[in-house]
Q: 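Questions regarding the structure given below will be posed in turn.
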Amino acid sequence: MEYLSGVVERITFINEENGFCVIKIKSKGFSELVTVVGNMASVNVGAVVSLKGEWKYDSKYGKQFCVYSYKETMPATIAGIEKYLGSGLIKGIGPVNAKRIVKVFGEDTIRVIEDEPERLIEVDGIGPKRIEMIRKAWQDQKEIKNVMLFLQSHGVSTAYAVKIFKTYGSDSIEIVKDNPYRLADDIWGIGFKTADRIAQAMGYDRESYQRIRSGIIYVLNEFANDGHCFARRTDLIKRSSEILEIGEEDIESAIKNMLEDKTVIMEYDDAIYLPPFYHSEVGVARRIAEIVRTKSKYCSYNPSEVIQSIQEECRIQYDDVQVEAIKKAITSKFMVLTGGPGTGKTTTTMAIIKVFEKLKANVMLAAPTGRAAKRMSEATGRNAQTVHRLLKYSPLEGYKNNEENPLDCDVLIIDETSMIDIILMYNLLKAVSNDTVVILVGDVDQLPSVGPGNVLKDIIDSGAVTVVKLNRIFRQAMGSAIIMNAHKINHGEFPVLKGGKNSDFFFIEEEDPEKIVELVRQLCKERLPKYYGVDPVNQIQVLCPMLKGAVGAHNLNAVLQEALNPSDISVKYGGIFYKVNDKVMQIKNNYDKNVFNGDIGRITNIDREEKVVYIKFDENEVEYDVTELDEVALAYAITVHKSQGSEYSIVIAPFTMRHYMMLQRNLLYTCVTRAKKVIVLVGSKKALGYCIKNSKSIDRNTMLVLRLKELFSTT
């Protein structure tokens with residue numbers, strides 16, 4: 001083992017996931033900078049480091065010092081202090097302020113910041129607000145260094161260490177020591193596997209109840225991530241045994257204890273639920289039954305007279321199916337209106353709204369996402385809100401509209417209902433009074449919700465409520481190849497791929513993934529913007545079946561960011577550069593910021609000194625600390641699943657057999673129906689054919705159909 005010390009001149013590379021760094025240090029006795037490699041993720045430019053390790057020779061990079069352990073001390077020289085403070089270590093001090101501070105305090109700078117931060121007022125451009133920010137950031141970085149050193153000694157990455165510190169603060173070390181499995185429950189992005197790795201490094205017993213319990217909850221959450229409300233007992237035991245690498249008898253014993261203390265709930269002999277999914281599923285069924293059993297105050301009206309009056313006023317003629325839908329809306333308490341593109345869902349919904357307004361009803365409109373709510377507003381000319389906003393959700397108080405404070409409306413119409421998962425539907429129905437008429441609108445043939453459950457399909461399949469399915473394609477929609485091909489796909493027929501000059505549906509055949517990537521780049525950057533006169537970032541959306549692979553969303557985002565965004569103002573997080581003007585998507589609900597999973601925005605500004613990124617979602621500009629950037633992803637290309645409830649002027653979609661795991665009819669159908677003006681499919685006919693043949697979407701574990709049938713069989 002050898003020793004080396006010096007001043008960190010620059011950080012050449014850092015892997016945010018595992019903390020591996022390549023740094024250059026100036027060391028006494030060496031004429032050139034020394035390359036140092038190893039896990040030193042909390043080290044900063046300008047710091048003085050004492051390193052323990054060994055010299056190695058890399059055939060590509062030459063002589064390097066490989067670090068096994070290190071200590072960091074404060075820089076002693078004025079130049080070192082300035083470089084240290086200007087490195088971005090302290091929020092509120094960038095290169096400019098670092099120079100100003102050091103000019104005033106010289107070699108005494110570190111002591112002043114540590115012991116007398118109020119003296120920073122002596123520096124031009126630094127006021128009380130910034131002093132407080134610097135004071136807090138200095139204290140935080142001291143504490144976080146201790147946390148990082150502790151966590152890194154147990155194999156935890158820098159990115160996770162920052163999250164842990166932000167959650168637990170100065171108690172981080174004690175909490176992690178006491179129960180590392182809490183990390184999986186408390187911190188978004190840290191799953192059971194990471195928590196388990198930390199626990200194992202700390203010497204936790206592999207067969208402890210704490211570990212097995214956490215592992216079972218992890219597996220149930222994995223089932224939920226796949227859309228299931230519960231896991232079959234045998235599946236849960238088998239999967240938990242594989243993940244935990246222990247015997248099934250230990251898993252069975254732990255499940256027994258968890259059932260006793262209500263950590264999990266079992267029904268129908270072998271369906272094991274996490275409590276939120278169980279109570280939501282039971283609650284949705286109960287609330288539907290209660291609403292349906294309450295007599296409608298509108299059933300005494302003559303629907304035909306009201307419809308005739310509306311038709312005369314608006315000079316419109318509804319077809320027989322639409323008239324039937326309007327009549328059923330008036331006479332039902334709970335109704336589903338479903339149908340594909342071009343079948344008149346919007347027109348019928350508008351007619352239903354007008355009829356109820358004529359009857360002096362207070363009608364409320366909502367949709368699951370901001371984009372879907374905006375579309376609903378534009379289509380109806382009425383105010384539509386997101387479901388969360390409708391229910392007045394706040395992180396601290398939950399849903400303010402609930403069973404004790406129901407929505408003040410006579411009629412509630414929800415669009416894009418296929419996107420609503422079981423938990424959100426339960427919270428919605430809790431806030432609906434029994435007297436309210438509920439109308440769910442959506443295309444049941446689209447992909448189901450990202451979250452657990454298959455709510456719209458289950459409600460339809462139960463036979464418990466009135467369902468109107470619009471099948472007829474209106475004449476004006478027949479001129480659209482997008483609409484005609486969408487219906488062909490939905491009926492298991494191969495689409496017409498020959499697109500003429502005025503067509504809105506195009507197919508470019510290409511098997512080679514690298515050539516597909518280049519085609520997508522050309523289509524986005526040159527061909528489509530030039531031909532249609534559109535903004536490639538705002539009006540073109542690339543939709544992918546998967547995230548990974550050459551033609552997956554991750555790689556295409558990197559390619560398209562380079563092609564479409566020349567900005568050189570950026571910040572790096574998690575191995576990704578985020579640049580001003582980048583198109584990004586929120587990938588988790590953040591109620592504090594009022595942004596939700598699937599919302600798309602643009603980066604408007606990056607303050608590298610403050611370590612803050614500003615993102616604008618519609619009219620809402622939101623501030624993100626750099627460490628919160630794992631909540632967003634580049635969105636030049638997104639998955640088809642994430643596109644639900646949205647429409648885009650132009651869609652480009654690569655489909656190849658490399659995606660075969662995801663190739664299903666409802667995925668292709670959803671993809672095609674996202675395009676308003678033009679869709680360009682790029683890939684192989686074989687992949688399209690595979691999608692169309694594969695009509696069996698993966699069944700989700702839900703009991704909602706059974707629960708509804710049981711409730712309605714007793715009436």
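Here the structure is a predicted model, which is why all the values come from computation and not from measurement. Reckoned from all heavy atoms, side chains included, excluding hydrogens, waters and symmetry mates.
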Q: So, applying side-chain contact (heavy atoms from CB on, under 4.5 Å) with V559, which one of V542, V517, V520 is it?
A: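 Answer to the side-chain contact (heavy atoms from CB on, under 4.5 Å) test with V559 among V542, V517, V520: V517.
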Q: A quick test of your reading: do over 12 heavy atoms of other residues, nucleotides or ligands sit less than 6.0 Å from NZ of K548?
A: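 No, the 6.0 Å shell around NZ holds no more than 12 heavy atoms from other groups.
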Q: Flag the pair R521 and E518 as a salt bridge only when some basic side-chain nitrogen lies within less than 4.0 angstrom of an acidic carboxylate oxygen.
A: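 Here R521 pairs with E518 in a salt bridge, since their nearest N and O are under 4.0 Å apart.
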Q: Tell me whether E378 is salt-bridged to R375, with the criterion being a basic N under 4.0 Å from an acidic carboxylate O.
A: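 Salt bridge between E378 and R375, a charged N being under 4.0 Å from a carboxylate O: no.
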Q: Please report the interatomic distance CD1(I615) to CD1(I600), rounded to the nearest 0.5 Å.
A: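 Taking CD1 in I615 and CD1 in I600, the distance rounds to 12.0 Å.
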Q: Would you check if there is a donor-acceptor pair between the side chains of Y218 and D196 at a distance under 3.5 Å?
A: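 Looking only at side-chain atoms, Y218 and D196 do not form any donor-acceptor pair under 3.5 Å.
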Q: Quick one: do the Y393 and N427 side chains pair a donor with an acceptor below 3.5 Å?
A: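 Side-chain D/A pair, Y393 to N427: absent.
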Q: Quick check: does any side chain N or O of T417 sit under 3.5 Å from a backbone N or O of V441, one acting as donor and the other as acceptor?
A: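 Yes; at least one donor-acceptor contact below 3.5 Å.
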Q: With rounding to the nearest 0.5 angstrom, report the CD to CD1 distance, E281 to I423.
A: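 Going from CD on E281 over to CD1 on I423, the span is 11.0 Å.
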Q: Only one of R674, K583, E647 passes side-chain hydrogen bond (donor to acceptor under 3.5 Å, both in side chains) with Q541; say which it is.
A: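 It is K583; the other options fail the test.
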Q: Compute whether any side-chain donor of one residue and acceptor of the other, for T369 and E416, lie under 3.5 angstrom apart.
A: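 No, E416 and T369 have no side-chain donor paired with an acceptor closer than 3.5 Å.
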Q: Output yes when a side-chain donor or acceptor of S280 lies under 3.5 Å from a complementary backbone atom of F277, and no otherwise.
A: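 No, because the side chain of S280 does not come within donor-acceptor range (under 3.5 Å) of the backbone of F277.
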Q: What heavy-atom pair brings P654 and V551 nearest, and what distance separates the two atoms?
A: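 Closest approach of P654 to V551, heavy atoms only: CG-O, 3.9 Å.
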Q: Side chains of Y532 and Q539: is there a donor and an acceptor less than 3.5 Å apart?
A: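 No - no donor-acceptor pair under 3.5 Å links their side chains.
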Q: Would you say the side chains of T702 and D458 form a donor-acceptor pair under 3.5 Å?
A: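 Note: T702 and D458 side chains meet the donor-acceptor criterion.
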Q: Please report the shortest heavy-atom distance between L668 and F655, naming the atom on each side.
A: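 Looking at all heavy atoms of both residues, the closest pair is CD1-CZ, 3.8 Å.
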Q: Check the orientation of Y181 and F192. Use parallel for under 30°, tilted for 30 to 60°, and perpendicular for over 60°.
A: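 Because their plane-to-plane angle is under 30°, the rings of Y181 and F192 count as parallel.
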Q: So does R239 have more than 12 non-hydrogen atoms from other groups sitting under 6.0 Å from CZ?
A: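 No.
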Q: Among V284, D421, V455, I420, exactly one meets side-chain contact (heavy atoms from CB on, under 4.5 Å) together with Y426. Which residue is that?
A: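 The passing option is V284.
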Q: Within the side chain of D445, is there an N or O that forms a donor-acceptor pair under 3.5 Å with the backbone of N666?
A: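 Absent.
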Q: Should we say atom CD of E562 is surrounded by more than 12 heavy atoms from elsewhere, each under 6.0 Å from it?
A: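 Counting other residues, nucleotides and ligands, CD of E562 stays at 12 neighbours or fewer.
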Q: Report yes or no: does D582 contribute a side-chain atom to a donor-acceptor pair with the main-chain N or O of K579 at less than 3.5 Å?
A: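 Such a contact is found between D582 side chain and K579 backbone.
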Q: Exactly one of E631, E628, E623, Q586 should register a side-chain hydrogen bond (donor to acceptor under 3.5 Å, both in side chains) with K593. Which one does?
A: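 Of all the options given, the one that passes is E628.
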Q: Search all heavy atoms of Y273 against all heavy atoms of C229 and return the closest pair with its distance.
A: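 Heavy atoms only, the tightest pair is CD2-O, 3.3 Å.
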